[in-house]
Number of protein chains: 2
Amino acid sequence: MLSNRQLLVLQVIIDEFIETAQPIGSRAISKKQSVSFSPATIRNDMADLEEMGFIEKTHSSSGRVPSEKGYRFYVDHLLLPVHLSDRDQRTISNLFDQDLVEFEQVVQKSAHVLSDLTNYTSIILGPEVYETTLKQLQIIHLSETTALAILVTNTGHVEHRSFTVPEKIKATDLEKLVNILNERLIGVPIVHLHKQLQKELTSVLDRYVDNVETAFDYLKSALLDQHPNNIYYGGVTNIMLQPEFNDVEKVHSLYSLMEKNDLIANVLRTTGEGIHISIGQENKIDEMQDCSLITATYSLAGQQLGTIALLGPKRMEYSRVISLINVLSNQMTRTFNDW
Amino acid sequence: MLSNRQLLVLQVIIDEFIETAQPIGSRAISKKQSVSFSPATIRNDMADLEEMGFIEKTHSSSGRVPSEKGYRFYVDHLLLPVHLSDRDQRTISNLFDQDLVEFEQVVQKSAHVLSDLTNYTSIILGPEVYETTLKQLQIIHLSETTALAILVTNTGHVEHRSFTVPEKIKATDLEKLVNILNERLIGVPIVHLHKQLQKELTSVLDRYVDNVETAFDYLKSALLDQHPNNIYYGGVTNIMLQPEFNDVEKVHSLYSLMEKNDLIANVLRTTGEGIHISIGQENKIDEMQDCSLITATYSLAGQQLGTIALLGPKRMEYSRVISLINVLSNQMTRTFNDW
DNA sequence: ATTAGCACTCGAAAAGAGTGAGTGCTAACA
DNA sequence: TGTTAGCACTCACTCTTTTCGAGTGCTAAT
């Protein structure tokens with residue numbers, strides 16, 4: 001069990017390291033306002049803390065830096081809830097005072113605010129089309145052999161894909177199909193589209209369309225296949241402002257990771273509801289082992305829509321960032337539910 | 001005027017520097033197959049070339065590196081047309097063998113191929129909506145107060161924007177307006193939409209719609225304002241593989257630049273037709289002064305659609321890159337015109 | 001006109017010296 | 001018994017110094 005003084009020492013070390021990115025020595029700790037012990041006393045506590053794995057030395061006679069276990073303890077037990085600064089609060093309320101009408105817009109602007117305020121990189125996932133319902137389906141013929149399928153959801157999200165129309169499908173068949181689909185499918189959650197189609201409509205369609213199967217397959221693949229991961233990054237250059245990324249190798253590895261959208265999407269999609277923090281090795285992705293990732297979900301009518309996340313060095317301003325991301329994701333959820 | 005031997009020496013220096021990124025000494029040049037002179041002779045020529053500003057020393061007793069004037073001369077006069085390697089040719093024909101039906105797709109995949117083959121960063125602009133014609137216009141009401149405007153062009157490009165519908169506009173008015181617009185405007189170049197609207201339709205609309213001006217204004221701003229710059233980057237991490245960007249500062253400045261889309265769009269939009277090369281200080285953008293930018297345009301029916309570009313260090317594999325970008329932009333133009 | 005020879009330059013890498021911030025340990029102290 | 005002062009020790013950093021070698025310019029010989 002940690003003594004009160006040890007808790008204090010650990011707190012000071014981490015706070016200080018988060019600010020300066022430099023190892024902290026016993027003398028520096030002893031000089032802090034909140035600490036009234038001599039360096040020698042502090043050194044004893046530091047030795048204990050190191051033995052327990054909360055802090056580390058960079059070399060045998062250096063000051064201490066937090067270990068990942070230290071950060072985890074800090075996040076779990078030492079984090080004092082902070083009130084946001086005036087500037088932070090103003091920036092956020094400015095954002096939500098504009099009347100934004102598109103989901104994507106809200107989410108993207110939130111991400112930008114988040115990365116601007118923190119100097120870390122924001123990542124957002126969603127809003128997931130899967131969670132929304134069909135508003136309208138449309139086919140537009142661009143030429144004899146190509147057509148454009150447009151799908152609009154109730155959240156104002158637009159998906160479109162163009163495809164080659166094979167010769168055996170008549171243009172009129174496609175149109176009929178779309179009309180019928182629109183009659184029957186508006187309001188159906190996108191995620192159920194496929195099942196719904198198969199179950200209820202095949203027989204009905206037979207009457208109207210000559211070549212149901214093929215037309216249907218084409219439409220399906222045009223609309224539902226290769227669903228793009230709805231991933232968006234904000235403030236990607238911020239990473240380079242952090243001293244731990246003063247090495248092109250590291251930046252390169254992280255940026256390459258950001259090109260693998262499906263990997264990141266997977267991680268963000270599988271975080272539970274609310275705020276989650278993973279520190280260093282806790283991250284499943286190799287390239288993130290030197291980073292911390294803070295995620296928060298936003299939702300509509302209790303239904304989880306997507307995730308907003310912040311990627312930075314392990315030496316993150318946890319307390320401030322958590323407050324920010326908390327306020328933002330709540331505001332997002334509120335805004336969506338107001339519509 | 002440069003002697004033949006001086007031309008040879010300059011060529012060897014630049015070729016070698018492009019490959020190794022190291023200063024080249026007289027001994028190294030003399031050892032080349034194509035050179036049959038002693039180091040001392042080479043040194044005399046090098047001194048001359050330096051006096052004329054084609055090459056530089058990094059310090060008083062170092063080998064030589066090309067100056068920007070040197071690169072310019074190389075590009076203008078020493079570039080031997082290269083035949084593409086098998087691999088390059090195969091990659092490109094693979095790309096165009098797939099049946100791609102969307103403009104964006106072709107352009108983006110081309111950019112990716114370009115950056116993958118060269119290890120530089122590709123930038124593409126367009127296809128410009130301005131150059132295309134209206135295929136269909138549509139308004140979808142999402143709720144009482146919000147609506148989504150979707151604009152489809154003949155090239156399969158989809159633009160959409162959602163907006164707040166003010167109370168004084170009736171939903172039916174908007175629909176009427178859209179119907180009329182569709183009747184009259186399909187086939188009109190997007191760039192003329194505005195003029196066309198004002199000139200021909202105001203009187204007609206008066207008959208049908210109660211509140212033309214307001215409805216029209218809203219629609220216009222939803223569709224035509226804040227036209228996003230259609231900029232796309234490929235292989236952005238490649239830059240970090242180049243030794244001249246082994247410094248986070250430089251990478252940061254270049255990446256920050258890439259977030260300023262309008263600046264880049266402007267540069268790409270104002271390059272003339274065909275292939276253009278700007279080297280170092282020839283670039284108008286400050287952050288690019290250490291880079292070379294190679295641009296090529298692609299077009300449809302003689303109408304310039306957009307630009308495809310490659311950004312890399314001044315020490316670029318000019319001959320290969322130019323061949324590649326040439327073949328690619330021609331293939332793109334051909335593909336578009338085939339549709 | 002070309003080349004060999006030679007003294008010279010200068011960056012890069014290696015080796016050494018000094019500095020200081022930090023430690024652990026021991027003994028003294030309240 | 002918990003805290004502190006004192007002290008020897010460690011080790012990264014910085015600053016010089018040295019060495020090394022690739023490269024140069026110049027001059028004289030071919």
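- Distances shown here put every side-chain N or O of B/R5 at or beyond 4.0 Å from the OP1 or OP2 atom of C/dA1.
- One finds the CD1 atom of B/I279 at 7.5 Å from the CD atom of B/E68 (value rounded to the nearest 0.5 Å).
- The separation between A/M46 atom CE and D/dT4 atom P is 15 Å, rounded to whole Å.
- No side-chain N or O of B/Y232 forms a donor-acceptor pair with one of B/S122 less than 3.5 Å apart.
- When the C1' atom of D/dG25 is taken as reference, atom CG of B/D48 falls 13 Å away, rounded to whole Å.
- Taking side-chain N and O atoms only, A/R64 has no distance below 4.0 Å to OP1 or OP2 of C/dG22.
- Evaluation of the salt bridge (charged side-chain N to carboxylate O under 4.0 Å, His left out) rule for B/R5 yields B/D45 as partners, not counting sequence neighbours.
- Under the side-chain contact (heavy atoms from CB on, under 4.5 Å) criterion, A/V267 pairs with A/I285, A/L293, not counting sequence neighbours.
- There is no side-chain donor-acceptor pair under 3.5 Å between A/N238 and A/T121.
- When rounded to the nearest whole Å, the span between CD of B/Q6 and P of C/dA1 equals 13 Å.
- In this structure, A/K57 reaches the C/dG24 phosphate: one of its side-chain N or O atoms is under 4.0 Å from OP1 or OP2.
- Of the possible donor and acceptor atoms, none in the side chain of B/S26 sits under 3.5 Å from a partner among the backbone N and O of B/A40.
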N/O to N/O distances under 3.5 Å, protein versus nucleotides 9-11 of chain D:
unit_1, atom_1, unit_2, atom_2, d
D/dT10, O3', A/S60, OG, 3.0
D/dT10, O2, A/S61, OG, 2.5
D/dC11, OP1, A/S60, OG, 3.1
D/dC11, O5', A/S60, OG, 3.3
D/dC11, O4', A/S61, OG, 3.2

Report all side-chain donor-acceptor pairs from residues 249-257 of chain A shorter than 3.5 Å, counting only partners two or more places apart or in another chain.
unit_1, atom_1, unit_2, atom_2, d
A/Y255, OH, A/V236, O, 2.4
A/S256, OG, A/H252, O, 2.8

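- Note on residues 7-26 of chain A: no pairs pass ring pair (Phe, Tyr, Trp, His ring centres under 6.0 Å), not counting sequence neighbours.
- For the salt bridge (charged side-chain N to carboxylate O under 4.0 Å, His left out) test, no residue two or more places apart in sequence or in another chain qualifies with A/R43.
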Intra- and inter-strand pairing of DNA chain D, written as dot-bracket with Watson-Crick and G-U pairs under 3.5 Å and | for the latter, reads ||||||||||||||||||||||||||||||
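- For A/H77, the ring pair (Phe, Tyr, Trp, His ring centres under 6.0 Å) partners are A/F73, not counting sequence neighbours.
- The stretch residues 14-45 of chain B comes close to DNA chain D through B/G25, B/S26, B/R43, each having a heavy atom under 4.0 Å from the strand.
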Using nucleotides 27-29 of chain C, report all nitrogen or oxygen pairs with the protein that are shorter than 3.5 Å.
none

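- Not a single salt bridge (charged side-chain N to carboxylate O under 4.0 Å, His left out) links A/K284 to another residue, sequence neighbours left out.
- Partners of A/D15 by salt bridge (charged side-chain N to carboxylate O under 4.0 Å, His left out), not counting sequence neighbours: none found.
- B/F54 carries B/K69 over the face of its six-membered ring, with the cationic atom under 6.0 Å from the centre and within 45° of the normal.
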